[in-house]
There are 2 protein chains.
Amino acid sequence: MVENAVRKVRDEIENAVVAGDFAPGDRLDEVQLATRFGVSRTPVREALMQLSAIGMVELRPRRGAIVVSHGPAKIYEMFEVMAELEGLAGAHAARRLDAKDRAAIAAAHEGCRAAAEANDRDGYYYENETFHFAIYAASRSDFLAEQCGALHRRLRPFRRLQLRVSNRLRASFEEHDAVVRAIFAGDADQAKALLRAHVVVQGDRFGDLLSAYAETARRKTG
Amino acid sequence: MVENAVRKVRDEIENAVVAGDFAPGDRLDEVQLATRFGVSRTPVREALMQLSAIGMVELRPRRGAIVVSHGPAKIYEMFEVMAELEGLAGAHAARRLDAKDRAAIAAAHEGCRAAAEANDRDGYYYENETFHFAIYAASRSDFLAEQCGALHRRLRPFRRLQLRVSNRLRASFEEHDAVVRAIFAGDADQAKALLRAHVVVQGDRFGDLLSAYAETARRKTG
DNA sequence: GTCTTCTTCTTTGTATACAAGAGCGACTAA
DNA sequence: TTAGTCGCTCTTGTATACAAAGAAGAAGAC
């Protein structure tokens, strides 16, 4: 979008973090990253600052960048805020839905159905993302869609972990189905409530997520 | 926080934009800014990238940075999202309030009262900010408080304009008063509804805001 | 033997230099 | 006279060099 080298470096680092190549707490050395990506330190620095603005890495003065490690409370809070914003987007979508948005949501929903029935976790992960972004777009609020998208990207690593839990694929799809029905019926309140419940991570699901998160951290250090 | 020069430059530019020294659409020349602040282009670039991440300036590849100009729809959307997040923060505050947070909110509220009674707009602007940040903190959700703070800063220029409208000071204070009562009573739903209504800009207030915004733009070009 | 301090080395933060792309103007041709 | 193309200049994007700050290790003293 804005530059070439820094954008490339930023995306690469972001993907590496999401994929787990860099674990939380890992130190990101500027010169190492520069040589790894074949650029100078300047674009690496700018990429790190952008990631710091997103909240993916932490920049400590004179001490370099580390991948942020979120405590359980923070993770819960992030999902809670995401739930609130998605609820708002869903309510708007239910009120403002037009044929094009309806088609986009329906298509993404069908993609999720196929992946869920095939028990294809990676596939579902991507289709799920498409589904949620379709709802953001259908809110017809550019700013809200932006905010939702940014937060969604920030939560990517955790969303992926969630799908590890057995049977979560099917449960997630069932929740999607109810959300879609509410939006298509134009029931804003219902869409808001269902979407909020779908996104927020509470009870058993929160415990499941935490244990999966702890496991990846353990796997990384070992 | 992170660096010295870039932080200074970033804050200076942010203040200049909020104060109206740079109008929406103005081009921000890197070398001009560098000489103005007595630093090299490197920290200026990093500051601009951070501001771009916040959404205060827009970076166009090979074409420099311009101060973003928001259309009416975008402004409305931003206040709407702010209202939703503040509502959530208020609900949390009502449920989780402890003595320290209660004292902080009460103190800020009294500050607002004094400024409102003295009809001191600048004073109210600052006390109002303190009041809202006290509620964010009282939510006891670090992430939510962060998000609210970031969005609040982004809306600063408009909040200031709002207070220009005659009698808005008193009306704003009355709304605060109701919010405070709901939070202190532990009524989460009421706090959420009142805070949301206080923040969202609708009806006449939106028209007032837009005309004030248009006027500053006109004053700048003229 | 351990703790403290000094020195050195690594790493970040800033500046400057160089290259490449985009915009604008001038000149030529129709 | 107007339109198109070529070239120049200005500005951004990247690299590298230099300086300062912190951390770590070694040496000396208690």
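Chain letters run A, B, ... following the sequence lines, proteins first and then strands; every chain starts at 1. Keep in mind it's a predicted model, so treat the numbers as computed, not measured.
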- Message: Looking only at the side chains, is there a donor atom on one of B:His92 and A:Glu80 sitting less than 3.5 Å from an acceptor on the other?
- Response: yes

- Would A:Glu129 and A:Arg156 pass as an ion pair if we require N to O under 4.0 Å? yes

- Can a salt bridge be assigned to the pair A:Lys74 and A:Glu77 using a cut-off of 4.0 Å between side-chain N and carboxylate O? no

Whole-Å distance between [N] [atom2] and [X] [atom1]?
X: B:Lys8; N: C:dG13; atom1: NZ; atom2: P; answer: 17 Å
X: B:Arg27; N: C:dA22; atom1: CZ; atom2: P; answer: 14 Å
X: A:Gln50; N: D:dG13; atom1: CD; atom2: P; answer: 11 Å
X: B:Leu59; N: D:dT11; atom1: CG; atom2: P; answer: 16 Å
X: A:Leu48; N: C:dT11; atom1: CG; atom2: P; answer: 15 Å
X: B:Arg63; N: C:dC24; atom1: CZ; atom2: C1'; answer: 13 Å

- Message: Donor-acceptor pair, distance only, cut-off 3.5 Å: does the side chain of A:Ser52 make one with the backbone of A:Leu48?
- Response: no

- Query: Can you check whether B:Ile135's main-chain N or O pairs, donor with acceptor, with B:Ser139's side chain at less than 3.5 Å?
  - Reply: no

- Identify, residue by residue, the members of residues 28-38 of chain A with a heavy atom below 4.0 Å from DNA chain D, and return them in order of residue number, or none. none

- DNA chain C: A:Gly64 or A:Thr42, which has the more 5' nearest nucleotide? A:Gly64

- Message: What contact category does B:Arg41 fall into here, base, sugar-phosphate, or nothing, at under 4.0 angstrom with non-hydrogen atoms?
- Response: base

- Task: In sequence, state the C-alpha distance, the side-chain angles, and the governing distance for A:Tyr136 and A:Glu86, and then conclude on side chain to side chain donor-acceptor pair (under 3.5 Å).
- Result: CA-CA 7 Å; A:Tyr136 305 158; A:Glu86 285 223 24; 2.5 Å; yes

- Listed nucleotide nearest any side-chain atom of B:Arg45, set C:dG13, D:dT14, C:dT16: D:dT14

